[in-house]
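This is a predicted model, so every value here is computed, not measured. Chain A is the first sequence line, chain B the second, and so forth, proteins listed ahead of strands; every chain is numbered from 1.
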There are 2 protein chains.
Amino acid sequence: MSTPSADDLSSDLTVYAARLVRLVRREHAPSAGTRVLSILDETGPLAITALAQIDRCSQPTMTGQVNQLAEAGWVTKEPNPADARSSLVHLTEAGRAELGRIRQLSAGLVSERLARRTDLSTDDLATAVAVLQAVLEPSPPTTPEGHS
Amino acid sequence: MSTPSADDLSSDLTVYAARLVRLVRREHAPSAGTRVLSILDETGPLAITALAQIDRCSQPTMTGQVNQLAEAGWVTKEPNPADARSSLVHLTEAGRAELGRIRQLSAGLVSERLARRTDLSTDDLATAVAVLQAVLEPSPPTTPEGHS
DNA sequence: TCGATTTACATAGGTTTCCTATGTAAAGTG
DNA sequence: CACTTTACATAGGAAACCTATGTAAATCGA
């Protein structure tokens with residue numbers, strides 16, 4: 001098997017990522033709000049703008065998503081004691097349960113298909129996730145935030 | 001570092017894939033038709049329904065995308081000598097050039113960000129692509145279509 | 001302390017990317 | 001040669017985004 005160039009691999013990565021997203025969405029993701037639940041689960045309560053920045057979307061988009069999630073009962077908006085302009089978005093128990101459900105489904109889809117490939121291990125999956133994460137990291141060229 | 005479970009990794013894969021897709025689209029992908037150009041480049045001329053199956057989208061969606069691509073001059077629809085109902089979609093020279101342009105851009109975005117990570121190699125990128133491909137493979141376990 | 005700027009959201013309006021349902025015409029089938 | 005299937009096109013609509021802009025709270029300077 002010939003070794004494809006890094007450039008070919010790079011564009012393949014985005015093409016296949018796009019297909020995966022559509023596959024999962026059609027299969028069982030009830031809304032784009034899944035990402036939001038995932039963020040809240042990792043970080044705890046956040047304000048809308050902070051959520052939008054983390055998810056790399058516009059603030060109005062995040063407002064809409066949070067509203068949908070709130071209607072579904074998966075998050076609540078509670079007053080921010082430190083700032084009356086904003087509210088903190090909290091993940092509810094139902095939201096946590098929903099997140100678990102979605103994760104099981106997409107995990108099932110991914111790991112089931114991966115299991116058929118004896119040449120690909122969980123380690124390889126971890127590598128794939130690390131690569132995607134690395135690509136998604138913002139550009140900290142001259143001003144690293146130096147968190148310690 | 002603790003080793004995350006295969007399930008966690010599986011759901012992470014889709015979440016990050018979704019973010020990557022949005023990142024690339026915002027950055028420079030002029031349309032969803034990129035995938036179609038990519039398929040035609042790999043396979044040669046195809047009819048609409050075949051394209052839709054390969055790209056895992058509905059036939060009307062593919063009809064629309066091919067029309068857009070044809071308007072842009074990146075593909076042409078030519079009569080199928082073997083079947084008057086369908087036409088074969090051909091990639092034009094301009095289409096091939098556009099595909100090259102897009103690939104350069106997304107490859108630049110990916111490899112540039114990846115280059116900052118000394119712990120991730122081109123091999124790891126290849127692994128990531130292989131994992132995504134594996135997940136996207138249809139399920140042909142018991143009923144291979146036996147194309148020969 | 002009070003006007004001026006900034007910040008955090010909400011709302012309005014529009015685009016892109018998909019889908020299902022359905023109609024039409026060519027291709028196979030008994 | 002009717003009858004079903006196949007390949008597309010069209011109609012209509014939903015979902016996930018965006019930019020521009022308005023409102024109210026927070027902050028800042030004189």
In this structure, OG of A:Ser87 is separated from CD1 of A:Ile48 (nearest 0.5 Å) by 6.0 Å

How long is the line joining CD1 of A:Ile54 and P of C:dA8, in whole Å? 14 Å

Expressed in angstrom and rounded to an integer, what is the separation of B:Ile48 atom CD1 from C:dA25 atom C1'? 16 Å

Once you apply a heavy-atom cut-off of 4.0 Å, does B:Thr49 come out as touching a base, just sugar-phosphate, or nothing? sugar-phosphate

Rounded to whole Å, please give me the gap between CD in B:Glu71 and P in C:dT16. 12 Å

Are B:Ile39 and B:Trp74 joined in one hydrophobic group, where the rule is that I, L, V, M, F, W and Y side chains link up if heavy atoms are under 4.5 Å apart? yes

Closest-nucleotide mapping onto DNA chain C: is B:Cys57 or A:Pro60 further toward the 5' terminus? I mean the 5' end. A:Pro60

Among the nucleotides C:dC9, D:dA9, C:dA26, which one has an atom lying closest to any side-chain atom of B:Asp83? C:dA26

Answer yes or no: side-chain N or O of A:Gln59 and base N or O of C:dA10 forming a donor-acceptor pair under 3.5 Å. yes

Quick one: is B:Gln65 getting a side-chain N or O under 4.0 Å of the C:dC18 phosphate, OP1 or OP2? yes

For C:dC19, does OP1 or OP2 lie under 4.0 Å from any side-chain N or O of B:Ser58? yes

Give me the atom names and distance for the closest heavy-atom approach of B:Glu98 to B:Leu37. CG-CD1, 4.1 Å

A:Thr63 vs B:Arg85, nearer the 5' end of DNA chain C by closest nucleotide: A:Thr63

note: A:Met62, atom CE; C:dT7, atom P; distance rounded to Å ~ 20 Å

How long is the line joining CG of A:Leu20 and P of C:dC18, in whole Å? 14 Å

Without hydrogens or angle criteria, can the side chains of B:Gln65 and B:Thr61 be said to hold a donor-acceptor pair below 3.5 Å? no

Tell me what A:Asn67 touches on the nucleic acid: a base, only sugar-phosphate, or nothing, going by heavy atoms under 4.0 Å. nothing

Under 4.0 Å, counting only non-hydrogen atoms across every strand here, what does A:Thr61 touch: a base, just sugar-phosphate, or nothing? base

Send over the distance from B:Asn80 CG to C:dA26 P, rounded to a whole Å. 14 Å

Just the rounded figure in Å: distance from P of C:dT16 to CZ of B:Arg35. 16 Å

Is there a side-chain polar atom (N or O) of A:Lys77 under 4.0 Å from OP1 or OP2 of C:dA8? no

Find the distance between CG (B:Leu99) and OG (B:Ser38) and round it off to the nearest 0.5 Å. 5.5 Å

